[in-house]
Student: 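Quick one: the structure is below, questions incoming.
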Amino acid sequence: MNEDAQKLNALLDFDLLKKLVVGIGEVSEITGIPTRKIRYWEEKGAIQSETNTEGSTRRYNYLNVKKMLLIQEMIDEGFTLDAAIKKVNKRMVTLNEAFLKLADTVPDTEDNE
DNA sequence: GTTCTCACA
DNA sequence: TGTGAGAA
């Protein structure tokens, strides 16, 4: 198994998550979380929606979707919203930093041209 | 389809 | 903590 391949895979996954953006309705359908709950969480600071400058419809990227799923699970396990938000945010930061390091560490292995 | 606010459990 | 309804 190529470790480099895994690293690249992780990077791609993270980037892909950031690129996929959907409306609140899609998010509610995907996560199974009602739109009011999503707005409620956003109000609480659980997630940041990319409000379209002109449009009013908030857009959420899959990173936020994953975050919502994580938060929902944590709350289900007895955590409070605030605690869940804190932990998930920290997790995201850690992952982001780790991936950045990985990106720097990965010596482009196979440039087969 | 989306947004917001007020109020309740 | 999460939801309801009405209004725009």
Student: What would the secondary structure line of DNA chain B be in dot-bracket form, counting Watson-Crick and G-U wobble pairs under 3.5 Å, with [ ] for pairs that cross earlier ones and | for pairs with another strand?
Tutor: .||||||||
Student: Partners of A:Ser49 by side-chain hydrogen bond (donor to acceptor under 3.5 Å, both in side chains), sequence neighbours excluded?
Tutor: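 Result, side-chain hydrogen bond (donor to acceptor under 3.5 Å, both in side chains) vs A:Ser49: A:Glu42.
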Student: Starting at atom CD of A:Glu42, determine the distance to atom P of C:dT3, rounded to an integer number of angstrom.
Tutor: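 Those two atoms, CD and P, are 16 Å apart.
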Student: Only pairs at least two apart or in different chains count here, so list each ring pair (Phe, Tyr, Trp, His ring centres under 6.0 Å) that has a residue in residues 8-27 of chain A.
Tutor: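 Passing the test, one end in residues 8-27 of chain A: A:Phe14-A:Phe99.
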Student: Figure out the CD1/P separation between A:Ile38 and B:dT3, and round it to whole Å.
Tutor: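 One finds 9 Å between P of B:dT3 and CD1 of A:Ile38, rounded.
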Student: With A:Tyr40, which residues qualify under ring pair (Phe, Tyr, Trp, His ring centres under 6.0 Å), at least two apart?
Tutor: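 Residues passing ring pair (Phe, Tyr, Trp, His ring centres under 6.0 Å) with A:Tyr40: none at all.
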Student: Measure from CD on A:Glu43 to P on B:dT5 and round the result to the nearest Å.
Tutor: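 Distance check: A:Glu43 CD to B:dT5 P gives 7 Å.
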Student: Please list every donor-acceptor pair under 3.5 Å in which a side-chain atom of residues 68-94 of chain A meets a protein atom from a residue at least two apart or in another chain.
Tutor:
from    : atom 1 : to      : atom 2 : distance (Å)
A:Gln72 : OE1    : A:Lys37 : NZ     : 3.0
A:Asn89 : ND2    : A:Ile85 : O      : 3.2
A:Thr94 : OG1    : A:Lys90 : O      : 2.8

Student: Who pairs with A:Tyr62 by ring pair (Phe, Tyr, Trp, His ring centres under 6.0 Å), at least two apart in sequence or on another chain?
Tutor: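 A:Tyr62: no ring pair (Phe, Tyr, Trp, His ring centres under 6.0 Å) contacts found.
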Student: Going by salt bridge (Lys or Arg N to Asp or Glu O under 4.0 Å), name the residues that satisfy it together with A:Asp15, two or more places apart in sequence or in a different chain.
Tutor: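 Only A:Lys19 meet the salt bridge (Lys or Arg N to Asp or Glu O under 4.0 Å) criterion with A:Asp15.
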Student: Residues in side-chain hydrogen bond (donor to acceptor under 3.5 Å, both in side chains) with A:Glu50, at least two apart?
Tutor: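 By the side-chain hydrogen bond (donor to acceptor under 3.5 Å, both in side chains) rule, A:Glu50 matches A:Asn61.
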Student: What protein N or O atoms touch nucleotides 4-8 of chain C N or O atoms at under 3.5 angstrom, if any, and at what distances?
Tutor:
none

Student: List in numerical order all residues of residues 76-89 of chain A for which some heavy atom is under 4.0 Å away from an atom belonging to DNA chain C.
Tutor: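 Within this stretch, A:Thr80, A:Leu81, A:Asp82 sit under 4.0 Å of the strand.
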Student: Under a 4.0 Å heavy-atom cut-off, which of residues 24-34 of chain A touch DNA chain B?
Tutor: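 By residue number: A:Ile24, A:Gly25.
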Student: Quick one: side chain to side chain contact (heavy atoms under 4.5 Å, CB included) partners of A:Thr35, sequence neighbours excluded?
Tutor: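 A:Thr35 satisfies side chain to side chain contact (heavy atoms under 4.5 Å, CB included) with A:Ile24, A:Ser28, A:Arg39 only.
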